[in-house]
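Reviewing the structure listed below.
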Amino acid sequence: MGRRGWVVRGLALGAVLPGLFLLWMGFVAFRGLSAVPERSEMAVIFGTAVTAKGTPRPALQERLQEGLRLWRAGLVRTVMVSGAIESGNHRDEARIMADWLMERGVPEVAIIVDSHGNNTWLTALHVARLHPQGAVVVTQWFHILRAKWALGRAGVSPVSGAAPSRFRLAELWYLFRDSVALPVYVLTKAPAG
């Protein structure tokens, strides 16, 4: 093949790959936006940043409200709050989440605190060790598909999802990030054991 042929193929590939990635992002978004929670033993609320004063930031508060809604509706019996101990302010996201839920009537015995859920995969492994009869992942819409995949890969079944309905323009960046992260998970994550 001559030089011109290589250039043409390179240009064609350069046009096709971004289109395929946009389709993939659309699929990730659709799966997150169309998620419907199913009755399960456990809701798993994924942590995210808290303020220096130890209060949930808006995105985390929305996740907590969604998890609280599931518990009040009787769709789940227990709520696992999973997050990290933040490196900057040393706040325990999971403990803050548990306190928020208890202040709103969820009994402490119905809450499982996972302070070492530093990422989606670790949270999935921690949930799997509990052997729940099904779980609902509670997170923002762009993260639903990866969170569901991770729990399923770790051995949890069935897994459904629930997301707050609020949309922020900045979440398009997170959609891009999760659209890259999910294939990486598929290629690199294997269940423990």
Side-chain angles (χ1 to χ4, degrees), residues 21 23-50 56-57 59-60 62-67 69-71 75-87 92-98 101 111-164 171-193:
F21 187 72
L23 285 173
W24 170 244
M25 284 178 59
F27 177 75
V28 172
F30 173 76
R31 292 296 300 270
L33 293 168
S34 63
V36 176
E38 298 174 5
R39 188 175 302 279
S40 299
E41 181 179 336
M42 177 186 297
V44 181
I45 305 176
F46 286 78
T48 188
V50 297
R57 293 187 186 273
L60 182 54
E62 291 165 9
R63 294 177 189 187
L64 288 165
Q65 288 167 343
E66 185 65 18
R69 183 188 71 77
L70 295 174
W71 182 80
L75 285 172
V76 296
R77 291 195 308 271
T78 58
V79 179
M80 180 182 203
V81 288
S82 184
I85 297 175
E86 296 186 0
S87 58
D92 185 337
E93 294 171 359
R95 186 74 257 162
I96 290 166
M97 294 160 70
L101 289 168
I111 301 172
I112 300 164
V113 178
D114 172 22
S115 297
H116 301 286
N118 295 11
N119 58 50
T120 302
W121 183 243
L122 284 175
T123 295
L125 293 176
H126 299 164
V127 173
R129 286 187 200 134
L130 300 172
H131 306 288
Q133 299 299 307
V136 181
V137 297
V138 181
T139 186
Q140 258 66 26
W141 59 275
F142 54 80
H143 184 226
I144 291 279
L145 188 59
R146 182 162 60 106
K148 285 178 61 177
W149 183 89
L151 265 70
R153 178 72 170 151
V156 180
S157 180
V159 181
S160 61
E171 291 175 341
L172 293 177
W173 159 249
Y174 294 106
L175 171 62
F176 171 82
R177 190 182 73 170
D178 256 74
S179 297
V180 172
L182 179 53
V184 171
Y185 267 42
V186 169
L187 293 172
T188 63
K189 304 301 182 193

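Residues: numbered from 1 along the sequence shown. Here the structure is a predicted model, which is why all the values come from computation and not from measurement.
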>> Within the 4.5 Å heavy-atom criterion, are Ile45 and Leu101 side-chain neighbours or not?
In response: yes

>> Using side-chain heavy atoms (C-beta onward) and a distance below 4.5 Å, is Pro132 in contact with Val156?
In response: yes

> Taking all atoms of both residues into account, what is the closest heavy-atom pair of Val136 and Pro37, and its distance?
Replying inline: CG1-CB, 3.8 Å

>> When you compare the side chains of His126 and Ser82, does any donor N or O come within less than 3.5 Å of an acceptor on the partner?
In response: no

> Does Arg153 make a cation-pi contact with Tyr185, if we ask for NZ or CZ under 6.0 Å from the ring centre and within 45° of the axis?
Replying inline: no

>> How close do Gly152 and Val159 get, counting heavy atoms only, and between which atoms?
In response: N-CG2, 4.1 Å

> What's the spacing between His116 NE2 and Ile85 CD1 if we round to 0.5 Å?
Replying inline: 5.5 Å

> Between atom OG of Ser179 and atom CG of Leu172, what is the distance when rounded to the nearest 0.5 Å?
Replying inline: 10.5 Å

>> Could you measure the distance from the NZ atom of Lys189 to the CZ atom of Arg146? Nearest 0.5 Å is fine.
In response: 9.0 Å

> Which heavy-atom pair separates Ala147 from Thr120 by the least distance, and what is that distance?
Replying inline: CA-CG2, 3.9 Å

> What's the spacing between His131 NE2 and Ser157 OG if we round to 0.5 Å?
Replying inline: 13.5 Å

> By side chain to side chain donor-acceptor pair (under 3.5 Å), which residues pair with Gln140, not counting sequence neighbours?
Replying inline: Glu62, Arg63

>> Quick check: do Asp178 and Leu182 have side-chain heavy atoms less than 4.5 Å from each other?
In response: no

>> Quick check: closest heavy atoms across Ile144 and Ala35, and the distance to 0.1 Å?
In response: CG2-CB, 3.9 Å

> Taking side chain as C-beta onward, heavy atoms only, is Leu175 less than 4.5 Å from Trp141?
Replying inline: yes

>> Side chains of Phe176 and Phe21, heavy atoms from C-beta outward: is any pair under 4.5 Å?
In response: yes

>> Using 0.5 Å steps for rounding, measure from the CG atom of Asp114 to the OG1 atom of Thr123.
In response: 5.5 Å

> Do the non-hydrogen side-chain atoms of Val50 and Glu86 ever get within less than 4.5 Å of each other?
Replying inline: yes

> Between the main-chain N or O of Val138 and the side-chain N or O of Glu66, is there a donor-acceptor pair closer than 3.5 Å?
Replying inline: no

> Does Ala84 offer a backbone N or O that forms a donor-acceptor pair with the side chain of Glu93 under 3.5 Å?
Replying inline: yes

> With sequence neighbours left out, which residue pairs that include part of residues 29-50 fulfil the side-chain hydrogen bond (donor to acceptor under 3.5 Å, both in side chains) condition?
Replying inline: none

